[in-house]
Asks: 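I'd like to ask you about the structure that follows.
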Amino acid sequence: MADNVNTATYYLSMDLPKLDPNEAKKVTRYAVGNSISNNVTAVELVEVKQEGKDVTEHFILEKDGSKFMLNFDKEMTRKALVEGAVHLKVTIKETLEL
């Protein structure tokens, strides 16, 4: 079967437990996920924006079954937990099995 590549944009917005900065430093990993179509065979991170700023370098994207997982680095994990919220615009390339 042939494959087709599609660009998709997801808006992730959620409230998190707000932590004291010293407590937030203890958390080393955080990830959020979103459902994707069952015929998506691969995903590639194109861009992540927060408040209009490109923050892509702070994230790693992986496919986990029928969803994608956006893994935060330590800096973004701490920032999100101290602020108590995440608001991201995530653009990915999805390879679709036709």
Side-chain angles (χ1 to χ4, degrees):
M1 286 190 159
D3 288 335
N4 187 30
V5 177
N6 180 45
T7 301
T9 300
Y10 297 88
Y11 295 89
L12 305 176
S13 184
M14 60 189 65
D15 292 326
L16 306 170
K18 194 171 185 174
L19 298 179
D20 174 87
N22 290 326
E23 288 297 312
K25 286 181 183 178
K26 296 176 185 177
V27 180
T28 58
R29 294 181 62 185
Y30 188 77
V32 294
N34 201 41
S35 297
I36 52 177
S37 175
N38 287 334
N39 66 337
V40 173
T41 58
V43 292
E44 177 186 336
L45 187 59
V46 175
E47 181 179 64
V48 179
K49 286 199 169 189
Q50 183 178 42
E51 298 173 359
K53 296 179 184 176
D54 186 346
V55 292
T56 308
E57 67 185 45
H58 297 284
F59 298 92
I60 296 173
L61 183 73
E62 60 186 32
K63 184 178 179 303
D64 184 9
S66 62
K67 61 184 172 183
F68 71 79
M69 297 302 296
L70 186 66
N71 298 291
F72 292 51
D73 70 5
K74 287 181 184 180
E75 180 181 339
M76 288 305 288
T77 295
R78 280 187 284 245
K79 181 178 178 185
L81 293 174
V82 168
E83 291 178 359
V86 172
H87 305 284
L88 302 171
K89 177 183 173 187
V90 181
T91 304
I92 66 173
K93 283 186 184 176
E94 301 173 332
T95 303
L96 308 169
E97 184 180 82
L98 299 178

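Reckoned from all heavy atoms, side chains included, excluding hydrogens, waters and symmetry mates.
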Asks: Looking only at atom types and distance, does a side-chain atom of D64 sit under 3.5 Å from a main-chain N or O of K67, one as donor and one as acceptor?
Replies: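 Not at all, since once roles are kept as given, no pair shorter than 3.5 Å links the two residues.
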Asks: Quick one: do V86 and M69 end up in the same hydrophobic cluster if we chain Ile, Leu, Val, Met, Phe, Trp and Tyr together by side-chain heavy atoms under 4.5 Å apart?
Replies: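 No; tracing contacts between hydrophobic side chains, which count when under 4.5 Å, never links both residues.
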Asks: F68 and side-chain contact (heavy atoms from CB on, under 4.5 Å): which partner among I36, V32, V40?
Replies: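 Exactly one pass, corresponding to I36.
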Asks: If only atom types and distance count, is the side chain of S66 paired as donor or acceptor with the main-chain N or O of N38 below 3.5 Å?
Replies: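 It does not hold such a pair.
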Asks: Identify whether V82 and V27 are in the same connected component of the hydrophobic contact network (ILVMFWY, side-chain heavy atoms under 4.5 Å).
Replies: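 Looking at the clustering, V27 is in a separate group from V82.
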Asks: Using every non-hydrogen atom in the two residues, find where S35 and Y10 come nearest and quote the distance to one decimal.
Replies: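 Closest pair (atom of S35, atom of Y10, distance): O-CE2, 4.0 Å.
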Asks: Enter the distance from I92:CD1 to E47:CD here, rounded to the nearest 0.5 Å.
Replies: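 Between I92 CD1 and E47 CD, I get 13.0 Å after rounding to 0.5 Å.
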Asks: Do the non-hydrogen side-chain atoms of M14 and L16 ever get within less than 4.5 Å of each other?
Replies: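 Of all side-chain heavy-atom pairs linking L16 with M14, at least one is under 4.5 Å.
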Asks: Any side-chain heavy atom of R29 sitting closer than 4.5 Å to one from T77?
Replies: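 With C-beta onward as the side chain, the pair stays apart.
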Asks: Any idea which heavy atoms bring T41 and E97 closest together, and the distance?
Replies: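 In this case the closest contact between T41 and E97 is CG2-CB, 3.7 Å.
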Asks: Side chain to side chain contact (heavy atoms under 4.5 Å, CB included) for K79 and H58? Distances and angles first, verdict last.
Replies: CA-CA 11 Å; K79 181 178 178 185; H58 297 284; over 6 Å; no
Asks: Give a yes or no answer on whether the side chain of T95 reaches the backbone of V5 with a donor-acceptor pair at less than 3.5 Å.
Replies: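 Checked: no pair found.
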Asks: Restricting to non-hydrogen atoms, name the atom on T28 and the atom on K74 that form the minimum distance, rounded to 0.1 Å.
Replies: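 Distance-wise, the nearest heavy atoms are O-CG, 3.8 Å.
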Asks: What heavy-atom pair brings L96 and N6 nearest, and what distance separates the two atoms?
Replies: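 Taking L96 first and N6 second, the nearest heavy atoms are CD1-CB, 3.9 Å.
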Asks: Rounded to the nearest 0.5 Å, how far does CG of L81 lie from CD of E23?
Replies: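 Reported value, rounded in 0.5 Å steps: 10.5 Å.
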Asks: Going from NZ on K89 to CG on L12, what distance comes out if it is rounded to the nearest 0.5 angstrom?
Replies: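 Rounded to the nearest 0.5 Å, the NZ-CG separation comes to 12.5 Å.
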Asks: Between V43 and E94, what is the shortest heavy-atom contact and its length?
Replies: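 Closest approach of V43 to E94: CG1-CG, 4.4 Å.
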Asks: Considering non-hydrogen atoms only, spot the tightest contact between N71 and A31 and give its length.
Replies: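 Looking at all heavy atoms of both residues, the shortest contact is OD1-CB, 3.3 Å.
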Asks: Do I60 and L45 come close enough that some side-chain heavy atom pair is under 4.5 Å?
Replies: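 No - every pair of side-chain heavy atoms lies 4.5 Å or more apart.
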Asks: Quick check: do R78 and K25 have side-chain heavy atoms less than 4.5 Å from each other?
Replies: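 Side chain of R78 against side chain of K25, heavy atoms only: contact under 4.5 Å found.
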Asks: Heavy atoms, side chains only, cut-off 4.5 Å: are L70 and L88 in contact?
Replies: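 In short, these two side chains touch, coming nearer than 4.5 Å.
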